[in-house]
Amino acid sequence: MRITFSAAVQALKDGQLIGVPTETVYGLAASIQCQSAIKKIFKLKNRPKANPLIVHVATIEEIAKYAHSYPPQFAALAKAFWPGPLTVILPAHKGRVPAIARSGLNTVGIRIPALLVTRQLIAQTGALVMPSANLSGRPSSTLGDHLEDDFGADFPLLEGGACQNGLESTVLLYQNNKWVIGRLGALTPEVFIPVLGYEPLILEKQKTQAPACPGQSFRHYAPKAQLILGDEARINEASVILGFNERTYPDSHRLITFGSLDHPEKVAEHLYQILRQLDIEEIETA
Ligand code: TXA
Ligand code: MG
């Protein structure tokens with residue numbers, strides 16, 4: 001159910017959850033002031049309590065409320081990529097970021113979204129805690145309709161059109177004197193080279209100790225359809241082929257195209273929508 005901007009501000013102040021557009025994916029928002037609303041996020045999404053949430057702010061100045069110190073080159077990263085699809089993990093002001101939002105960690109993930117309406121909303125409500133607005137494990141939402149599919153037609157959301165990036169923010173954390181990527185997202189590793197002087201490595205999934213980026217421990221972005229990746233020998237098991245404009249595929253199968261290999265940003269923009277389409281059409285294998 002689409003609601004107006006002023007109703008969205010009021011709902012968040014009243015401790016309700018609403019859907020909020022960003023340039024990456026839609027978020028499921030609660031006010032950072034309202035612990036009971038933050039608890040509802042985990043319940044509604046069926047999200048593991050061990051997977052912490054990102055705090056979204058509208059300005060650089062607000063970060064000092066939620067983080068108490070900054071690793072080297074933080075200022076340069078902030079200047080280059082905010083507002084935008086970057087999340088940075090920082091040492092948390094524990095008194096101001098509810099433990100439930102950080103899953104009990106000493107750190108907090110922070111991001112300044114690029115979409116103007118998102119920052120205008122945060123300017124009215126204060127910081128918003130928001131995971132992607134999807135049932136845990138399922139593809140994220142890049143259209144308002146996707147939230148209605150997951151949470152029902154009456155679920156309140158601020159309409160923002162199609163998300164421009166279509167993929168989540170890239171998560172950076174500082175470890176052993178280097179920035180590393182905790183989650184791949186809309187910013188590719190090489191875009192950090194001019195700012196950091198090196199390409200950040202992608203954090204390996206740790207088997208023995210607690211993961212530095214807990215999201216790595218859980219299944220994500222999966223449609224109900226079974227996906228067979230790149231195995232031509234198994235093509236007959238699939239009902240449709242997901243492919244690219246430039247490639248040729250057997251005529252025996254219907255083709256759903258991600259778009260052109262020359263435009264990876266467009267492929268990213270439509271990825272989750274296409275994965276969701278498989279389930280709407282009740283396709284079992286692709
Ligand atoms: O683009 C995005 O980041 C979207 C929009 C709505 O802003 N949000 C999003 O949130 O993707 P979510 O909850 O789906 O993913 C949060 C990711 C997880 O991988 C989580 O492990 C990581 O951020 N994260 C959050 N806080 C963390 C922390 N304190 N330490 C390490 N990783 C953290
Ligand atoms: Mg998510």
Side-chain angles (χ1 to χ4, degrees), residues 17-30 32 38 41-42 44-58 66-68 71 81-94 97-115 117-119 121-122 127-142 146-147 150 157-158 160 163-175 179-187 202-203 205-206 209-222 268-269 272:
L17 301 187
I18 66 164
V20 168
T22 83
E23 76 281 13
T24 57
V25 297
Y26 275 76
L28 183 62
I32 197 167
I38 300 173
I41 290 182
F42 287 89
L44 186 64
K45 275 183 66 99
N46 194 21
R47 181 181 177 102
K49 294 240 168 42
N51 196 8
L53 306 174
I54 297 170
V55 174
H56 296 69
V57 294
Y66 304 108
H68 65 67
F81 298 106
W82 277 339
L86 172 68
T87 293
V88 179
I89 309 301
L90 296 171
H93 257 309
K94 290 207 223 162
V97 185
I100 179 176
R102 337 177 230 107
S103 302
L105 299 173
N106 296 330
T107 52
V108 57
I110 298 198
R111 153 166 139 80
I112 305 179
L115 193 70
V117 72
T118 325
R119 279 181 286 129
L121 184 69
I122 297 169
L128 295 178
V129 174
M130 14 180 202
S132 51
N134 53 281
L135 296 171
S136 259
R138 297 270 172 230
S140 307
S141 293
T142 53
H146 295 164
L147 278 83
D150 282 12
L157 74 106
L158 187 63
C163 297
Q164 196 196 337
N165 294 131
L167 291 181
E168 280 82 347
S169 61
T170 299
V171 176
L172 281 188
L173 50 127
Y174 194 72
Q175 256 195 356
W179 288 96
V180 292
I181 296 180
R183 177 183 68 180
L184 281 164
L187 295 174
I202 299 162
L203 188 71
K205 192 171 165 183
Q206 293 116 317
Q209 67 210 85
C213 197
Q216 284 184 328
S217 313
F218 306 102
R219 181 182 165 96
H220 294 289
Y221 321 126
E269 187 186 327
Y272 294 140

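Counting starts at 1 for both ligands and their atoms, following the listed order. Remember, predicted model here, so these are calculated numbers, not experimental data.
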Visitor: Please determine whether any non-hydrogen atom of Arg102 lies less than 4.0 Å from an atom of ligand 1.
Guide: no
Visitor: Please identify which atoms of ligand 1 are closer than 4.0 Å to at least one heavy atom of Pro214.
Guide: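 Reading through ligand 1 atom by atom, the close ones are 21 (O), 31 (C), 32 (N).
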Visitor: Within the structure provided, determine whether Gln175 and Leu203 are in side-chain contact (heavy-atom separation under 4.5 Å).
Guide: yes
Visitor: Donor-acceptor check, side chain of Tyr26 to backbone of Gly160, threshold 3.5 angstrom: yes or no?
Guide: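 Present.
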Visitor: Could you report the tightest heavy-atom contact between Arg47 and Pro131, atom names first, then the distance?
Guide: NH1-CB, 3.4 Å
Visitor: Looking only at heavy atoms, which two atoms of Leu157 and Leu147 are closest? And how far apart?
Guide: CD2-CB, 4.1 Å
Visitor: Under 2.8 Å from the Mg ion (ligand 2), how many protein N/O/S atoms can be counted?
Guide: 1
Visitor: Output yes when a side-chain donor or acceptor of His146 lies under 3.5 Å from a complementary backbone atom of Pro139, and no otherwise.
Guide: no
Visitor: Any chance you could measure Arg102, atom CZ, to Ile54, atom CD1, to the nearest 0.5 Å?
Guide: 15.5 Å
Visitor: His56 near ligand 1, heavy-atom distance under 4.0 Å?
Guide: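 So His56 counts as touching ligand 1.
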Visitor: Considering non-hydrogen atoms of the protein only, which is the closest contact for atom 11 (O) of ligand 1, and what is the distance?
Guide: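 Of the protein heavy atoms, Arg183 NH1, 2.9 Å lies nearest.
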Visitor: Tell me which protein heavy atom sits closest to atom 31 (C) of ligand 1, plus the residue, atom name and distance to 0.1 Å.
Guide: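 In this structure, atom 31 (C) of ligand 1 has Ala212 O, 3.1 Å as its nearest protein heavy atom.
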Visitor: Is a side-chain N or O of Arg183 found less than 3.5 angstrom from the main chain of Thr170, in a donor-acceptor match?
Guide: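 Checking the backbone N and O of Thr170 against the side chain of Arg183, no donor-acceptor pair under 3.5 Å is found.
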Visitor: Can Arg47 be said to touch ligand 1, with heavy atoms closer than 4.0 Å?
Guide: yes
Visitor: Suppose I only count heavy atoms of Glu168 and a 4.0 Å limit; which atoms of ligand 1 are within that range?
Guide: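 Close to Glu168: 1 (O), 11 (O).
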Visitor: If we only consider heavy atoms of Cys213, is any one of them less than 4.0 Å away from an atom in ligand 1?
Guide: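 In this structure, Cys213 qualifies as a contact of ligand 1 - some heavy atom is under 4.0 Å.
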Visitor: Kindly list each side-chain donor-acceptor pair under 3.5 angstrom involving residues 108-115, sequence neighbours excluded, with atom names and distances?
Guide:
from   : atom 1 : to    : atom 2 : distance (Å)
Arg111 : NH1    : Glu23 : OE2    : 2.8
Arg111 : NH1    : Gly84 : O      : 2.9
Arg111 : NH2    : Thr22 : OG1    : 3.1
Arg111 : NH2    : Thr24 : OG1    : 3.2

Visitor: To check you understand the geometry: which heavy-atom pair defines the closest contact between Ala50 and Ser103, and what is its length?
Guide: C-OG, 3.4 Å
Visitor: In terms of atom number and element, which parts of ligand 1 are under 4.0 angstrom from non-hydrogen atoms of Met130?
Guide: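 Contacts of ligand 1 toward Met130, numbered from 1: 8 (N), 10 (O).
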Visitor: Select the closest option to atom 24 (N) of ligand 1 among Pro21, Ala186, Gly109, Pro52, judged by heavy-atom distance.
Guide: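 Looking at heavy atoms only, Pro52 sits closest to atom 24 (N) of ligand 1.
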Visitor: Below 4.0 angstrom from a heavy atom of Thr107, which ligand 1 atoms are there? Numbered from 1 as shown, please.
Guide: 28 (C), 29 (N), 30 (N)
Visitor: Looking only at non-hydrogen atoms, find the nearest pair between Glu269 and Gln164 and report the distance.
Guide: CG-O, 3.6 Å
Visitor: Between the side chain of Asn134 and the main-chain N/O of Ser141, is any donor-acceptor distance below 3.5 Å?
Guide: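 Side chain of Asn134 to backbone of Ser141: no pair is present.
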Visitor: Where is the nearest protein heavy atom to atom 6 (C) of ligand 1: which residue, which atom, and how far?
Guide: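 For this ligand atom, the closest protein heavy atom is Gly27 CA, 3.6 Å.
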Visitor: Where on Gln216 is there a heavy atom closer than 4.0 Å to ligand 1, on the side chain, on the backbone, on both, or on neither?
Guide: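 Within the 4.0 Å criterion, Gln216 makes no contact with ligand 1.
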Visitor: Can you tell which of Gly215, Gly182, Ser132, Ser169 gets a heavy atom nearest to atom 14 (O) of ligand 1?
Guide: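 Checking each option, the heavy atom nearest atom 14 (O) of ligand 1 is found in Ser132.
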Visitor: Going from CG on Leu53 to CG on Leu128, what distance comes out if it is rounded to the nearest 0.5 angstrom?
Guide: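 One finds 12.0 Å between CG of Leu53 and CG of Leu128.
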Visitor: Show the atoms of ligand 1 that are less than 4.0 angstrom away from any heavy atom in Asn51.
Guide: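 Every atom of ligand 1 under 4.0 Å from some heavy atom of Asn51: 18 (C), 20 (C), 21 (O).
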Visitor: Among protein heavy atoms, which lies nearest atom 16 (C) of ligand 1, and at what distance?
Guide: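 Here the closest protein heavy atom is Ile54 CD1, 3.6 Å.
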Visitor: Can you report which non-hydrogen protein atom sits closest to atom 5 (C) of ligand 1, along with the distance?
Guide: Thr24 OG1, 3.6 Å
Visitor: Measure across Ala133 and Asp150 and return the closest heavy-atom pair with its distance rounded to 0.1 Å.
Guide: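 Nearest pair, atom of Ala133 first, then Asp150: O-OD2, 4.4 Å.
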Visitor: To the nearest 0.5 Å, what is the distance between OH on Tyr174 and OG1 on Thr107?
Guide: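 That separation rounds to 15.5 Å.
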